[in-house]
Amino acid sequence: GDKMEKLEYRLNILKSSNIIDDEIYEKLLKLLNYLKNDCNIILTEDNGSMLITHLSMALKRIKEGENVNKIDEEVYNDALKSDKLEEVKKIYNGIVENVFIEDLPEEEKKYIYVNLLLIKENLYRKVEGGIL
């Protein structure tokens, strides 16, 4: 659908402006497809732009050996209360095994958990509201 294409367009811009290199671009594209095909999560500009933008920067930082930004502990602790946390951890593990092929630093992992939880919560809210 065209919603996903907007995110791919965002990735193309990040690549063409040399914010991310080909390798990170390929990984993020692979991530979009993995989430769609294996986890039934369609990332769109609305629900996925934060995650994709964050990961672009994170993967770049990791590659260049820079320090990771610390996540807001309060935000993270809130996320830990979610009943979808276990599901999100499974999704994360799948991403590491199938897409990144490397585990990410603890702080990055926390960011991804929080982002995936937000995406999940939004998806579920929409389902309940009958939008999806």
Chemist: Any non-hydrogen side-chain atom of I91 less than 4.5 Å from a side-chain atom of K120?
Modeler: yes
Chemist: Does the side chain of T44 come within less than 4.5 Å of N47's, by heavy atoms?
Modeler: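 Heavy-atom side-chain distance check passes, below 4.5 Å.
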Chemist: Look at the side chain of K60 and the backbone N and O of I19, then say whether any donor-acceptor pair between them is shorter than 3.5 Å.
Modeler: yes
Chemist: Considering non-hydrogen atoms only, spot the tightest contact between S82 and L117 and give its length.
Modeler: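 Closest approach of S82 to L117, heavy atoms only: OG-CD2, 3.4 Å.
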Chemist: Determine yes or no for a side-chain-to-main-chain donor-acceptor pair under 3.5 angstrom, with S16 supplying the side chain and I13 the backbone.
Modeler: yes
Chemist: Find out whether L80 and D78 are in side-chain contact, i.e. whether some heavy atom of one side chain is under 4.5 Å from a heavy atom of the other.
Modeler: no
Chemist: With a 4.5 Å cut-off on side-chain heavy-atom distances among I, L, V, M, F, W and Y, is there a chain of contacts connecting L59 to L29?
Modeler: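 Yes; tracing contacts between hydrophobic side chains, which count when under 4.5 Å, links both residues.
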Chemist: Do L35 and I119 come within less than 4.5 Å of each other through their side chains, counting heavy atoms only?
Modeler: no
Chemist: With side chain to side chain contact (heavy atoms under 4.5 Å, CB included) as the test, would you mind laying out the steps for L104 and Y92 before giving the verdict?
Modeler: CA-CA 10 Å; L104 301 181; Y92 172 81; 3.6 Å; yes
Chemist: Can you tell me how far the OH atom of Y111 sits from the CE atom of M50, to the nearest 0.5 Å?
Modeler: 9.0 Å
Chemist: For K110, is there an ion pair with E107 - N to carboxylate O distance below 4.0 angstrom?
Modeler: yes
Chemist: Output, in order, the C-alpha distance, side-chain angles, deciding distance and verdict of side chain to side chain contact (heavy atoms under 4.5 Å, CB included) for L14 and Y25.
Modeler: CA-CA 8 Å; L14 288 168; Y25 171 81; over 6 Å; no
Chemist: Can F100 be reached from I62 by stepping across I, L, V, M, F, W or Y side chains whose heavy atoms are under 4.5 Å apart?
Modeler: yes
Chemist: How long is the span from the CG atom in L55 to the NZ atom in K27, to the nearest 0.5 Å?
Modeler: 10.5 Å
Chemist: What pair of heavy atoms forms the shortest contact from S56 to L28, and how long is it?
Modeler: OG-CD1, 3.4 Å
Chemist: Taking the side chain from K30 and the backbone from N98, do they hold a donor-acceptor pair closer than 3.5 Å?
Modeler: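 Present.
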Chemist: Walk me through whether K15 and E23 qualify under salt bridge (Lys or Arg N to Asp or Glu O under 4.0 Å).
Modeler: CA-CA 10 Å; K15 183 172 81 160; E23 189 193 357; over 6 Å; no
Chemist: Do I20 and L11 touch side chain to side chain, with heavy atoms closer than 4.5 Å?
Modeler: yes
Chemist: What residue among N115, L32, L7 forms side chain to side chain contact (heavy atoms under 4.5 Å, CB included) with L51?
Modeler: N115
Chemist: L43 and G48: which non-hydrogen atoms are nearest, and at how many Å?
Modeler: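 Of all heavy-atom pairs spanning L43 and G48, the closest is CD2-CA, 4.0 Å.
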Chemist: Does the side chain of K36 come within less than 4.5 Å of N40's, by heavy atoms?
Modeler: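 Side chain of N40 against side chain of K36, heavy atoms only: no contact under 4.5 Å found.
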Chemist: L116, L118: one ILVMFWY side-chain cluster at the under-4.5 Å cut-off?
Modeler: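 Same cluster.
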Chemist: Please walk me through it: do L31 and I52 pass side chain to side chain contact (heavy atoms under 4.5 Å, CB included)?
Modeler: CA-CA 9 Å; L31 176 69; I52 290 300; 4.3 Å; yes
Chemist: Check whether V96 and I41 end up in the same hydrophobic cluster, where Ile, Leu, Val, Met, Phe, Trp and Tyr are linked by side-chain heavy atoms less than 4.5 Å apart.
Modeler: yes
Chemist: Just distance, no hydrogens or angles: give the donor-acceptor pairs under 3.5 Å from side chains in residues 70-77, sequence neighbours left out.
Modeler:
from	atom 1	to	atom 2	distance (Å)
D72	OD1	E74	N	2.8
D72	OD1	V75	N	3.3
N77	ND2	E73	O	3.1

Chemist: Is there a side-chain contact between K63 and D21 in this structure, where contact means two heavy atoms from C-beta onward sitting under 4.5 Å apart?
Modeler: yes
Chemist: Find out whether R61 and N67 are in side-chain contact, i.e. whether some heavy atom of one side chain is under 4.5 Å from a heavy atom of the other.
Modeler: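 R61 vs N67: side chains apart.
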Chemist: Can we say D103 and K109 salt-bridge, meaning some charged N sits less than 4.0 Å from an Asp/Glu carboxylate O?
Modeler: yes
